Amino acid sequence: MSTTASDPLAALGTLPGVVDAVDSVRKAVDRVYGHRVMRRRSNEVTAEAALRGARGSAALSGADWNLEEVRRRTDFSGEGEAHVIGAALRLTAEAGQLLSIWRQSPLRVLARLHLVAAGGAAPEGTVGRPRLAGEPVDEPLIEAPLPDAEEVAGRLEGLSGLILSGTAAPALVTAAVVHGELLALRPFGSYNGLVARTAERIVLIGSGLDPKSICPAEVGHAEQGRAAYVAAFEGYLSGTPEGMAAWIAHCGRAVELGVRESTAVCEALQRGAA
């Protein structure tokens, strides 16, 4: 990550293109929060956003199921794609319950998220802790070189320190960096993508940008496609100002697409069709 002595996240917020992305996201979020349906039926919009966000995150992890199939299905106890969908649903439900802990101990929250995602499917003794030297990682979408366990531990502590010390950075910037850093590190043996996108969600909620969790960035990430997701992430990995700005802008566009999805939900509720 780019750094400055005082507030490295805030410095990222001044990059060319990032200021515009932040402004565009804020305007989009304000519009959907101002929708008349939000005054009466915000809980329904939140629930629908959670479902659609989970579906989007699972699609990026290789389980690209139709929304109605996800809505209809009640048993996700199987292996393979069914477990991925179930993990994404569990994580989305868990995100809002972890906000106070995130502000005090981000690493505890990440451990909890992995525990929730794994749901008994990971090898015994590996759940809820960063991987050790020599342990494999199952994350098929991300093929970037894997940092060793010692580097993972150090960078996780650094990320935690940045969050705990506070920042003047816009919520979008912080969320994008948390998301990108977790993808880069892949600290757990499995489900790192799901965990990273849930952490992004937690930052967006906890920052006050999306307090009702109605702007599912996961929907936007999935809509832009796996190839675009990986290409933008490579910009994050480059560590260059241009690459970081491209990743943050990609995450901003994902939020805006999530807003568009929830706006459509609001319109359907207003017509009595949802």
Side-chain angles (χ1 to χ4, degrees), residues 9 21-22 25-26 28-29 32-33 42-43 45-61 63 67 70 84-103 105-117 141 159-160 163 167 169-183 187-188 191-224 229 232-233 236 247-248 250-262 265:
L9 295 180
V22 168
V25 165
R26 167 52 70 188
V29 172
V32 72
Y33 269 84
S42 64
N43 289 343
V45 182
T46 295
E48 190 65 21
L51 180 70
R52 295 176 186 225
R55 194 218 71 84
S57 190
L60 286 171
S61 287
L67 178 64
V70 177
V84 172
I85 295 283
L89 289 167
R90 292 192 299 273
L91 286 170
T92 302
E94 191 83 2
Q97 310 303 314
L98 297 172
L99 296 177
S100 62
I101 303 174
W102 176 261
R103 298 184 186 105
S105 179
L107 298 186
R108 277 183 59 199
V109 169
L110 295 176
R112 173 64 183 170
L113 293 177
H114 186 246
L115 178 66
V116 168
L141 181 59
L159 182 64
S160 176
I163 294 166
T167 177
L172 172 64
V173 173
T174 304
V177 168
V178 168
H179 183 172
E181 189 70 353
L182 292 173
L183 281 184
F188 304 108
Y191 306 109
N192 289 288
L194 293 178
V195 168
R197 291 184 288 276
T198 305
E200 178 185 49
R201 171 183 282 265
I202 289 172
V203 173
L204 293 172
I205 299 170
S207 67
L209 177 66
D210 182 22
K212 293 183 182 294
S213 192
I214 63 165
C215 307
E218 304 96 325
V219 168
H221 286 303
E223 186 169 333
Q224 292 178 91
Y229 183 73
F233 171 61
Y236 179 87
W247 169 248
I248 294 167
H250 181 88
C251 291
R253 180 59 178 157
V255 175
E256 291 187 65
L257 291 170
V259 166
R260 187 176 71 180
E261 189 86 354
S262 287
V265 170

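FYI, the numbering just counts along the sequence from 1. Keep in mind it's a predicted model, so treat the numbers as computed, not measured. Heavy-atom basis, side chains included; hydrogens, waters and symmetry copies ignored.
Annotation: side chain of Leu141 is not in contact with side chain of Phe233 (no heavy-atom distance under 4.5 Å). Annotation: side chain of Cys215 is not in contact with side chain of Ser262 (no heavy-atom distance under 4.5 Å). Here the side chains of Val32 and Val45 are not in contact, with every heavy-atom distance at 4.5 Å or above. Contact check for Val265 versus Ile214: no side-chain heavy atoms found under the 4.5 Å cut-off. Val203 places a side-chain heavy atom less than 4.5 Å from the side chain of Trp102. Residues Leu182 and Asn192 are not in side-chain contact: their nearest non-hydrogen atoms beyond the backbone lie 4.5 Å or more apart. Taking the side chain as every heavy atom from C-beta outward, Leu89 and Thr92 never approach each other to under 4.5 Å. Annotation: side chain of Val177 is in contact with side chain of Tyr236 (closest heavy-atom distance under 4.5 Å).
A distance of 5.0 Å separates CG of Leu113 from CD1 of Ile202, quoted to the nearest 0.5 Å. Separation of atoms OG1 (Thr174) and CG (Leu159) is listed at 10.0 Å; rounding is to 0.5 Å. To the nearest 0.5 Å, atoms CD (Glu223) and CZ (Arg260) are separated by 4.5 Å. Separating the CD atom in Gln224 from the OH atom in Tyr229 is a distance of 11.0 Å, to the nearest 0.5 Å. With values rounded to the nearest 0.5 angstrom, Phe188 atom CZ is found 10.0 Å from Leu115 atom CG.
Without hydrogens or angle criteria, Ser57 side chain to Ala54 main chain gives no donor-acceptor distance under 3.5 Å. With hydrogens and angles ignored, the 3.5 Å screen pairs a side-chain donor or acceptor of Thr198 with a backbone N or O of Leu194.
For Arg26, the salt bridge (Lys or Arg N to Asp or Glu O under 4.0 Å) partners two or more places apart in sequence, or in a different chain, are Asp30. Glu200 is linked by a side chain to side chain donor-acceptor pair (under 3.5 Å) to His179, His221, counting only residues two or more places apart in sequence or in another chain. With sequence neighbours excluded, the residues that form a side chain to side chain donor-acceptor pair (under 3.5 Å) with Asp210 are Tyr33. In terms of the side chain to side chain donor-acceptor pair (under 3.5 Å) criterion, residue partners of Thr167 (sequence neighbours excluded) are, by chain and number, Asp7. Qualifying salt bridge (Lys or Arg N to Asp or Glu O under 4.0 Å) partners for Arg253, counting only residues two or more places apart in sequence or in other chains: none. Legend: residues meeting side chain to side chain donor-acceptor pair (under 3.5 Å) with Arg90, ordered by chain and number and at least two apart, are absent.
Here the closest heavy-atom approach between residue Leu183 and residue Gly193 is recorded as CD2-CA, 3.9 Å. Pro216 and Ala49 get closest at one heavy-atom pair: CB-O, 3.7 Å. When all heavy atoms of Ile85 and Ala63 are compared, the closest pair comes out as CD1-O, 3.5 Å. Tyr191 approaches Ala117 most closely through the heavy-atom pair CB-CB, 3.9 Å. Across all non-hydrogen atoms, the minimal contact from Ala199 to Leu110 is CB-CD2, 4.3 Å. The shortest heavy-atom contact between Leu107 and Ser160 is CG-CB, 4.0 Å.
Of the candidates Arg197, Arg52, Arg201, Arg201 is the only one forming a salt bridge (Lys or Arg N to Asp or Glu O under 4.0 Å) with Glu218.
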